[in-house]
Amino acid sequence: MKGQIVGQVKRVNGPVIEAMGITNAMMLELVEVAESRLIGEIIKLEDQSAVIQVYEDTTGICPGDNIYGSGMPLSAELGPGLIGTIYDGIQRPLEDIYKISGHFIEKGIQVSSINKEKKWHFVPEDIEIGSLMEGGGIIGSVQETDRINHKILIPPGISGIVKSISAEGDYKVTDTVAVLETKDGDKKITMIQNWHIRKPRPVKERLPLDIPLVTGQRVIDTLFPIAKGGTVALPGGFGTGKTMTQHAIAKWCDADIIVYIGCGERGNEMTDVLNEFPNLIDPRSGKSLMERTVLIANTSNMPVSAREASIYTGVTLAEYFRDMGYHVAVMADSTSRWAEALRELSGRMEEMPAEEGFPAYLPTRIAEFYERAGYMKTLCDKDGSVTLIGAVSPPGGDFSEPVTQHTKRFVRCFWGLDRQLANARHYPAISWLDSYTEYLFDLIPWWERNAGPTWSDDRGNIMELLQKEVRLQQVVKLVGPDALPDSQKFIIEVCTLFKNAFLQQNAFDTIDRYSTAEKQMKMLQLILEYYKRGAEAIKRGATLIKLKQLSIYQDIVKMKFNIPNEDLKLLDKLMAKLERSMDLIGGDEWV
């Protein structure tokens, strides 16, 4: 990027620079600072002074150093080559930087976000010359990976008459593949476009959120489902499994594309992600998960201002793929580190602090981020969605701190992680008492069509049992379990069975790590039928010990490991065995 001098450095305060003599510059303009060309962004303008946040280490910057303008805002480069790439917070490809500067990122290093030399096989759409094309329209496609057919879109805001379109063949992303005649003259269309990361990409309309994002995690899909295009907060203290839960969702959910944002996480944790993701196998294609994944790695030792930008970079990439008609899931890990970056930058700009030192505009920024989710009708008349799953890391696991509380205001689903469950090695450690979903009633029709007509009733029944168990456990703590009758002890026993045989899930077991919607439904029905028949047997005089000694009880405990998704008839056989066992339990003969 080459630009003219727009001012000079006046004062340096960490990543925040005060500039003087500012001329011909605009708000949120991308600038370069000093001869080392550090990338920055103008965040405040007043007369001939400005405040710039720099996305790199400012060591060595002196008052009087020149500042160079670009005439454009901080933007993401969008085009073929995004999938499988690992970027930093301002979309610089880390693997390419490593080849140039080794293990440490050199100051001022500039590498193109997308390989400009690689050729892609372009296949044009069947478009008549002389037809009108609007912004967001599809002019062709590139097969980026086996799963992702990358649509070449006309940038939003551009419309005109098609003068020419290139023939099928191999082209660089900077080559012209179409020419539009617009009111401002001919416009050359390439396979690459830029988009301001802080500005949402336009769509035709928002659609109802009535299709679930199926994750294969039973505690999520059955108890607290999320819709495609929905928003969810995943808060939890250190070690409760936020990152691993997001990994499981990223691997098994039915989104077309995953954008994983490591925002301010520890370096060793991001190293695990970068090492593991290329080795994970996509269960739908049998190939590397990276063939449908974009990673943004901005660790805690990287510049704090780049951490603030990484969230916007990630959601912009997600919106770009959504505009092609894909369903994208964004994993933001974690928004607390992003909020801490806002707090540090706000403090350096000497702004008035609000609660716990966070800036007063923290709720606005959180809302702006989550509002970019949604199930949309795109400009090219396709249906696409962006689902935002934001991990929150409250200090000490305190859910009353500002980031968690403000996030809860703007999301409709809440998966609270429980320290006691994590300590007991119960994963996913999502609390069935603290969590909730507001998508339930919108999603009931889909679940009843695809899982079973009694899905809503069965879910309600098990949630009611879990609530009863909480009250009974309080009694047990006061007077001991012996004070309860067998009918109430049986409720506690069934809930314990449900937690161990259904909610707890082993990510390393080839069968248990993922459950289809139909399998989840049959497992739930089996446990509820055990409770229903068992409660009736207790009324007839059967004992709790006798119910636990039934061989079907152990079959239910082990069903998640023994019955694969492809052979659900085995669950029907278990149901038949359960019915026979309960029919016989009243007599002398029992199974």
Side-chain angles (χ1 to χ4, degrees), residues 213 215 217 219-221 223-227 230-250 253 260-266 269-270 273 300 307-308 310-311 314-315 329-343 354-358 362-373 387-440 503-505 507:
L213 181 75
T215 66
Q217 310 305 302
V219 64
I220 293 174
D221 291 343
L223 298 189
F224 311 108
I226 181 176
T231 53
V232 60
L234 182 64
F238 175 76
T240 52
K242 297 184 297 296
T243 301
M244 298 313 297
T245 301
Q246 288 189 319
H247 284 193
I249 296 171
C253 75
Y260 188 93
I261 308 170
C263 177
E265 287 301 294
R266 296 174 296 282
E269 197 166 294
M270 279 308 302
V273 173
S300 53
R307 186 191 310 174
E308 188 266 342
S310 64
I311 290 285
V315 76
V330 179
M331 312 289 163
D333 188 15
S334 87
T335 55
S336 291
R337 310 280 182 256
W338 170 64
E340 288 167 6
L342 288 176
R343 178 167 61 186
E355 189 177 6
E356 292 192 18
F358 288 103
L362 174 65
T364 304
R365 294 290 180 85
I366 293 175
E368 287 174 349
F369 170 64
Y370 283 106
E371 283 171 1
R372 292 176 74 166
T387 306
L388 295 181
I389 302 173
V392 185
S393 308
D398 178 17
F399 288 2
S400 65
E401 58 88 38
V403 180
T404 307
Q405 288 300 308
H406 289 311
T407 300
K408 287 177 73 173
R409 292 168 54 194
F410 306 116
V411 300
R412 293 184 59 195
C413 196
F414 185 84
W415 300 332
L417 297 175
D418 186 87
R419 167 70 62 189
Q420 291 182 335
L421 290 175
N423 290 342
R425 296 296 183 265
H426 178 114
Y427 292 109
I430 295 175
S431 169
W432 46 86
L433 301 177
D434 298 329
S435 304
Y436 62 85
T437 178
E438 295 178 7
Y439 297 110
L440 183 63
L503 297 182
Q504 192 175 22
Q505 210 160 340

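Sequence positions, counted from 1, serve as the residue numbers for this chain.
Atoms OG1 and CD, from Thr240 and Gln420 in turn, are 12.5 Å apart once rounded to the nearest 0.5 Å. Atoms CG and CD, on Asp398 and Glu356 in that order, are 7.5 Å from each other to the nearest 0.5 Å. Interatomic distance, CD of Glu368 versus CD1 of Ile311, reported as 13.0 Å (0.5 Å rounding). Within the model, atoms CZ of Arg365 and CH2 of Trp338 stand 7.5 Å from one another, a figure rounded to the nearest 0.5 Å. One distance of note links OG1 of Thr215 with CD1 of Ile220; it measures 4.0 Å at 0.5 Å rounding. Here Lys242 contributes atom NZ and Met331 contributes atom CE; the two are 15.0 Å apart, rounded to the nearest 0.5 Å.
Counting all heavy atoms, side chain and backbone alike, Trp415 lies closest to Leu234 at O-CD1, 3.4 Å. Of all non-hydrogen atoms in Gln246 and Ala332, the two that sit nearest each other are NE2-O, 3.6 Å. The shortest heavy-atom contact between Asp418 and Ser431 is CB-CB, 4.0 Å. The minimum heavy-atom distance between Gln504 and Arg425, with the atom names listed, is NE2-O, 3.0 Å. Heavy-atom minimum distance, Ile261 versus Val315: CD1-N, 4.4 Å. Taking each heavy atom of Cys263 and Ser310 in turn, the nearest pair found is SG-OG, 3.6 Å.
Considering only heavy atoms from C-beta on, Val392 comes within 4.5 Å of Glu401 through its side chain. Between Leu223 and Leu503, the closest side-chain pair of non-hydrogen atoms falls below 4.5 Å. Side-chain contact check for Glu355 versus Gln405: every heavy-atom pair is 4.5 Å or farther apart.
Among Thr231, Leu388, Val232, the one residue that satisfies the side chain to side chain contact (heavy atoms under 4.5 Å, CB included) test with Ile226 is Val232.
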Original post:
Given the rule in the side-chain contact (heavy atoms from CB on, under 4.5 Å) test, do Gln505 and Tyr427 qualify, once you have shown the distances and angles that lead to the verdict?
Top reply: CA-CA 6 Å; Gln505 210 160 340; Tyr427 292 109; over 6 Å; no
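The closest donor-acceptor contact from the side chain of Thr335 to the backbone of Ala391 lies under 3.5 Å. Side-chain atoms of Thr437 never come within 3.5 Å of backbone atoms of Cys413 as a donor-acceptor pair (strictly under, hydrogens ignored). Put simply, the side chain of Tyr439 never gets that close to the backbone of Phe224: no donor and acceptor are under 3.5 Å apart. The backbone N or O of Phe238 sits less than 3.5 Å from a side-chain atom of Arg419, completing a donor-acceptor pair. Looking only at distances, a side-chain donor or acceptor of Thr407 sits under 3.5 Å from a matching main-chain atom of Val403. Checked by atom type and distance alone, the side chain of Arg412 never pairs as donor or acceptor with a backbone atom of Gly230 at under 3.5 Å.
The aromatic rings of Phe414 and Phe399 lie perpendicular to each other, with more than 60° between the two planes, well past the 30° mark.
The environment of Arg409 atom CZ is dense: over 12 non-hydrogen atoms of other residues, nucleotides or ligands sit within 6.0 angstrom.
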